[in-house]
Amino acid sequence: MDQTKIGRFIAQRRKDKELTQAQLAEKLGITDRAVSKWETGKSMPDSSIMLELCEILGITVNELLSGEVITMENYEKAADANLIALKRKDENNMTKNEIIAILFSMALLTGMMVCLICNIAISGALTWSLIPISSIIYAWVVSFPSIILGKKGILASLVSLSAFTVPYLFVLSRLTGVTGVFSIGTAVAFVSILFLWIIAILCRRIGKAGKFTIAGIIFLSAIPLVFAINAVLAGMISDPFFDVWDMLAVSILLILASGCLICGYARKKGLLK
């Protein structure tokens with residue numbers, strides 16, 4: 001696939017439909033910057049909005065991927081060529097992710113080996129090194145799906161986070177000898193993971209709202225999380241429910257949320273590039 005050719009084709013079809021980049025972006029629930037990147041050949045439309053884009057431009061997916069209007073005579077040939085090109089692109093992306101995943105795993109393994117060697121050299125036995133090693137393994141299990149699969153692995157990482165956080169906190173409490181690590185950590189983790197699942201569901205439902213709008217909603221949603229965690233801590237360790245630092249955190253979240261929502265509205269109206 002020739003991304004530059006596809007970009008020119010998208011631009012031409014958009015102009016034929018008498019649409020600006022901002023108007024096309026608004027129909028798709030994305031930024032006009034993304035449309036600009038398509039038309040300059042810097043990126044390709046995401047597969048999740050490709051059908052909707054083609055419907056707006058009055059073309060088929062095959063024509064979009066070919067970068068030209070296709071006649072019936074060469075339709076089948078173009079379809080085969082586009083399928084092969086897409087398969088190669090997926091293979092290249094997977095290869096890139098696999099390389100990153102291998103490098104990431106090697107870096108964590110190196111960190112584990114350094115901890116082991118230093119611990120044995122200093123203490124003559126495995127003592128404190130088990131704490132960072134267990135933390136490294138936990139980080140690898142949670143993050144690996146997202147690294148190897150990209151966006152498709154985010155849900156798998158969230159599932160791993162939900163499944164392995166409590167066992168990790170139990171191991172950590174046994175290694176440190178502090179029971180509060182498990183009891184308090186589990187309570188806070190439950191609230192935090194529940195928040196992450198709610199955010200994931202929200203993002204899935206409002207995926208076309210634009211990055212700024214989604215970020216604003218996330219910042220707003222984090223405010224109840226602050227109060228929920230404070231309520232848990234206040235009940236377990238007699239911590240003040242709300243202090244000056246919490247007030248500062250809520251204020252920062254409100255400012256960030258307001259800024260993102262204003263930018264999202266301005267971009268939707270074409271006032272912000």
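- Closest approach of Ala163 to Pro167, counting heavy atoms only: O-CD, 3.4 Å.
- Listed by chain and residue number, Ile223, Leu254, Ala257, Leu261 satisfy the side-chain contact (heavy atoms from CB on, under 4.5 Å) test with Leu220 (two or more places apart in sequence, or in another chain).
- Once rounded to the nearest 0.5 Å, the distance linking CH2 of Trp38 with CZ of Arg14 reads 11.0 Å.
- One hydrophobic cluster holds both Met247 and Trp245 under the rule that ILVMFWY side chains link at heavy-atom gaps under 4.5 Å.
- Residues Pro45 and Ile10 form a side-chain contact, since some pair of their non-hydrogen atoms from C-beta on lies under 4.5 Å apart.
- With sequence neighbours excluded, the residues satisfying side-chain hydrogen bond (donor to acceptor under 3.5 Å, both in side chains) with Ser146 are Ser157.
- Qualifying side-chain hydrogen bond (donor to acceptor under 3.5 Å, both in side chains) partners for Ser135, counting only residues two or more places apart in sequence or in other chains: Tyr168.
- For the pair Gly41 and Gln3, the tightest heavy-atom approach, listed with the atom from each and the gap, is O-NE2, 2.9 Å.
- Side-chain contact check for Ile252 versus Leu256: some heavy-atom pair is nearer than 4.5 Å.
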| task | Output, in order, the C-alpha distance, side-chain angles, deciding distance and verdict of side chain to side chain contact (heavy atoms under 4.5 Å, CB included) for Leu161 and Leu158. | result | CA-CA 5 Å; Leu161 182 69; Leu158 190 52; 4.2 Å; yes
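- One finds the OH atom of Tyr138 at 2.5 Å from the OG1 atom of Thr165 (value rounded to the nearest 0.5 Å).
- In this structure, NZ in Lys27 is found 9.5 Å from CD in Glu52, a value given to the nearest 0.5 Å.
- Note on Leu108 and Trp128: separate hydrophobic clusters, where clusters join Ile, Leu, Val, Met, Phe, Trp and Tyr whose side-chain heavy atoms are under 4.5 Å apart, directly or indirectly.
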| For Leu24 and Leu53, what are the C-alpha separation, side-chain angles and deciding distance, and is it a side chain to side chain contact (heavy atoms under 4.5 Å, CB included)? | CA-CA 8 Å; Leu24 178 58; Leu53 172 63; 4.0 Å; yes
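- With respect to the salt-bridge test (charged N to carboxylate O, under 4.0 angstrom), the residues Arg13 and Glu63 do not qualify.
- Residues Leu175 and Leu130 share a closest heavy-atom pair of CD1-O, 3.5 Å.
- Residues Ile214 and Ile255 are members of separate hydrophobic clusters, defined by side-chain heavy-atom contacts under 4.5 angstrom among Ile, Leu, Val, Met, Phe, Trp and Tyr.
- Phe104 and Met113 end up in the same hydrophobic cluster when Ile, Leu, Val, Met, Phe, Trp and Tyr side chains are linked at under 4.5 Å.
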| said: Please determine whether side chain to side chain contact (heavy atoms under 4.5 Å, CB included) holds for the pair Phe9 and Ile6, giving the CA-CA distance in whole Å, both sets of side-chain angles, and the decisive distance to 0.1 Å. | reply: CA-CA 5 Å; Phe9 184 55; Ile6 293 172; 5.5 Å; no
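- The list of side chain to side chain donor-acceptor pair (under 3.5 Å) pairs with a residue in residues 177-203, not counting sequence neighbours, reads Ser162-Trp197.
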Name the atoms and distances for all side-chain donor-acceptor pairs under 3.5 Å in residues 226-237, with sequence neighbours left out.
| from | atom 1 | to | atom 2 | distance (Å) |
| --- | --- | --- | --- | --- |
| Asn230 | ND2 | Phe241 | O | 2.9 |
| Asn230 | ND2 | Asp246 | OD1 | 3.3 |
| Asn230 | ND2 | Asp246 | OD2 | 3.0 |

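- With sequence neighbours left out, the side-chain hydrogen bond (donor to acceptor under 3.5 Å, both in side chains) criterion links Glu55 to no other residue.
- Closest of all the heavy-atom pairs between Val142 and Ser160 is CA-CB, 4.1 Å.
- Note that the CD1 atom of Ile147 and the CD1 atom of Ile99 stand 14.0 Å from one another [nearest 0.5 Å].
- Looking at residues two or more places apart in sequence or on another chain, you find no side-chain hydrogen bond (donor to acceptor under 3.5 Å, both in side chains) involving Thr176.
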| task | Show the numbers, then the answer: is there a side chain to side chain contact (heavy atoms under 4.5 Å, CB included) between Ser221 and Ile199? | result | CA-CA 8 Å; Ser221 303; Ile199 290 300; 3.7 Å; yes
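- In this structure Phe195 satisfies the ring-ring contact (aromatic ring centres under 6.0 Å, His included) test with no other residue, sequence neighbours excluded.
- Take Phe170 and apply the ring-ring contact (aromatic ring centres under 6.0 Å, His included) test, not counting sequence neighbours, and it matches Phe182.
- Separation of atoms CG (Leu28) and CD (Gln23) is listed at 12.0 Å; rounding is to 0.5 Å.
- Applying the 4.5 Å side-chain rule to ILVMFWY residues, one finds Ile102 in the same cluster as Met106.
- Closest of all the heavy-atom pairs between Leu57 and Lys17 is O-CE, 3.3 Å.
- Of all the heavy atoms in Gly111 and Ile136, the pair that sits closest is C-CD1, 4.1 Å.
- At a threshold of 4.5 Å between side-chain heavy atoms, the hydrophobic network of Ile, Leu, Val, Met, Phe, Trp and Tyr places Ile218 and Ile154 in two separate groups.
- With a 4.5 Å cut-off between side-chain heavy atoms of Ile, Leu, Val, Met, Phe, Trp and Tyr, the cluster of Ile122 takes in none.
- In this structure Ile120 satisfies the side-chain contact (heavy atoms from CB on, under 4.5 Å) test together with Leu126, sequence neighbours excluded.
- Between Ile198 and the choices Ile201, Leu194, Leu196, the side chain to side chain contact (heavy atoms under 4.5 Å, CB included) rule is met once, by Leu194.
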